[in-house]
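Only one structure is covered here, and it is reproduced in the block below.
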Amino acid sequence: GSHGTMLIFGQGAPDTSGFLPDGWDWAQPPGATTLQLPPDMLEGDPKRFYGWNPPQEAPFAGSGHLGNRYGAFAFALDGQKHEQSLQARKSVFALDNLLVCLGSDIANTSGKHHTVTTLFQCGGERLDVTFPDSSNVATQKDYQLRRQSKATDWLIDPQGNGFLIAEGNADLIVQRSLQHSKHNKTRKPNQGRFVKAWLDHGTRPKSAAYEYVACLSASAKQMTELARKKPYEIVARTRACHAIRMPAPGLSFYVFFEAGAADDILAVDTPMIVITKRQADGALLLSVTNPNPSLRRAFNAPEPIH
């Protein structure tokens, strides 16, 4: 789970995912919904063992696939009553080179730290970000841009992955700077130059949500076309269910965080991940996965049923 982290691996140096340990912001891993906490708060009280803070309840975490071609990942987090409390429902639906990312019911009680959903964090020498308009910041060494999501927007990160930000999202913030961090084992201070982008849900969000699409190895032309016409429609984005439909390939992706119905086609009696594909002859391919991460029984990795 790790708060729904989604790290994209591609080609290129110095690291295929953009991860570099020196200066890495451990509070904002790509794809995750987190609080923007400083390193000292992340590592906890040095007099106690690592990870002493009250545990979060993760009632749902797992993934499923249909024919090893179409995939779905989902993660649910139920917050506890303490400073780092956080609640969220997150899902990722994978089709070819697209990752459709949905979030709902994002909430916590912190008035000191912003809740954010991080799109990417890339370190190294290649820190240029491509935008669709005249926002040319390549000549600036350090910057922070806040872009309001009044309409569909997109950007391409230094690794070549595109991100389409749907209308109605929280503000998008892109920052290039020298980041100060600590080694994850020795706690020795370190630093490095990074560029990262995130959706800012603010302090004390009660029912925040998001919608964005990651496009692997994207070009500006591809992102412009994706912004012009999204290939999917949202069926549900609630605490109980996330679901999208892609009419052209006849695909539907469902994440049921709770028992219930998503539409007039499908209903379930227990939390699960379902992927369906309509065949040319009218037959329906079906994949069902139970992602219950219970640690009170012997662990067997969930496998989809076709």
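Just so you know, these numbers come straight off a predicted model, no measurement behind them.
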Tell me if a side-chain donor or acceptor on [X] pairs with a main-chain N or O of [Y] at a distance below 3.5 Å.
X: R237; Y: C241; answer: no
X: D25; Y: A27; answer: yes
X: R176; Y: L127; answer: yes

Calculate, to the nearest 0.5 Å, the distance between atoms [atom1] and [atom2] belonging to [X] and [Y] respectively.
X: R245; Y: T276; atom1: CZ; atom2: OG1; answer: 8.5 Å
X: I234; Y: F93; atom1: CD1; atom2: CZ; answer: 9.0 Å
X: C101; Y: E211; atom1: SG; atom2: CD; answer: 10.0 Å
X: I8; Y: C215; atom1: CD1; atom2: SG; answer: 9.5 Å
X: S207; Y: R239; atom1: OG; atom2: CZ; answer: 11.5 Å
X: M272; Y: Y254; atom1: CE; atom2: OH; answer: 13.0 Å

When clusters are formed by joining ILVMFWY residues with side-chain heavy atoms under 4.5 Å apart, either directly or through shared neighbours, do [X] and [Y] land in the same one?
X: V116; Y: I173; result: yes
X: L226; Y: I156; result: yes
X: Y210; Y: W198; result: no
X: F19; Y: L216; result: yes
X: F256; Y: V288; result: yes

Student check: side-chain heavy atoms of [X] and [Y] closer than 4.5 Å:
X: L98; Y: Y232; result: no
X: M223; Y: L155; result: no
X: Q179; Y: Q121; result: yes
X: D153; Y: P132; result: yes
X: I244; Y: S252; result: no
X: W154; Y: T224; result: yes
X: V195; Y: F120; result: yes
X: F75; Y: V92; result: no

Output yes when [X] and [Y] qualify as a salt bridge under the 4.0 Å nitrogen-oxygen rule, no when they do not.
X: K188; Y: D22; answer: no
X: D105; Y: R89; answer: no
X: K196; Y: D157; answer: no

Exercise for review: For H242 and F253, run ring pair (Phe, Tyr, Trp, His ring centres under 6.0 Å): C-alpha distance rounded to whole Å, both residues' side-chain angles, the deciding distance at 0.1 Å, then the answer.
Suggested key: CA-CA 8 Å; H242 287 184; F253 299 81; over 10 Å; no

Practice item. Might you work through the side-chain contact (heavy atoms from CB on, under 4.5 Å) test for V129 and Y143, ending with a clear yes or no? Key: CA-CA 12 Å; V129 176; Y143 64 81; 4.0 Å; yes

Study note, to complete from the structure: Nearest heavy-atom approach of A236 to L102 is O-CD1, 4.4 Å

Review point. Are side-chain N/O atoms of T117 and H201 paired as donor and acceptor at under 3.5 Å?
Key: yes

Practice item. Would you please classify the geometry between the F163 ring and the Y212 ring as parallel, tilted or perpendicular, with 30° and 60° separating the classes? Key: tilted

Review point. Pick from T115, L172, I106, D171: which one makes a side-chain contact (heavy atoms from CB on, under 4.5 Å) with L199?
Key: L172

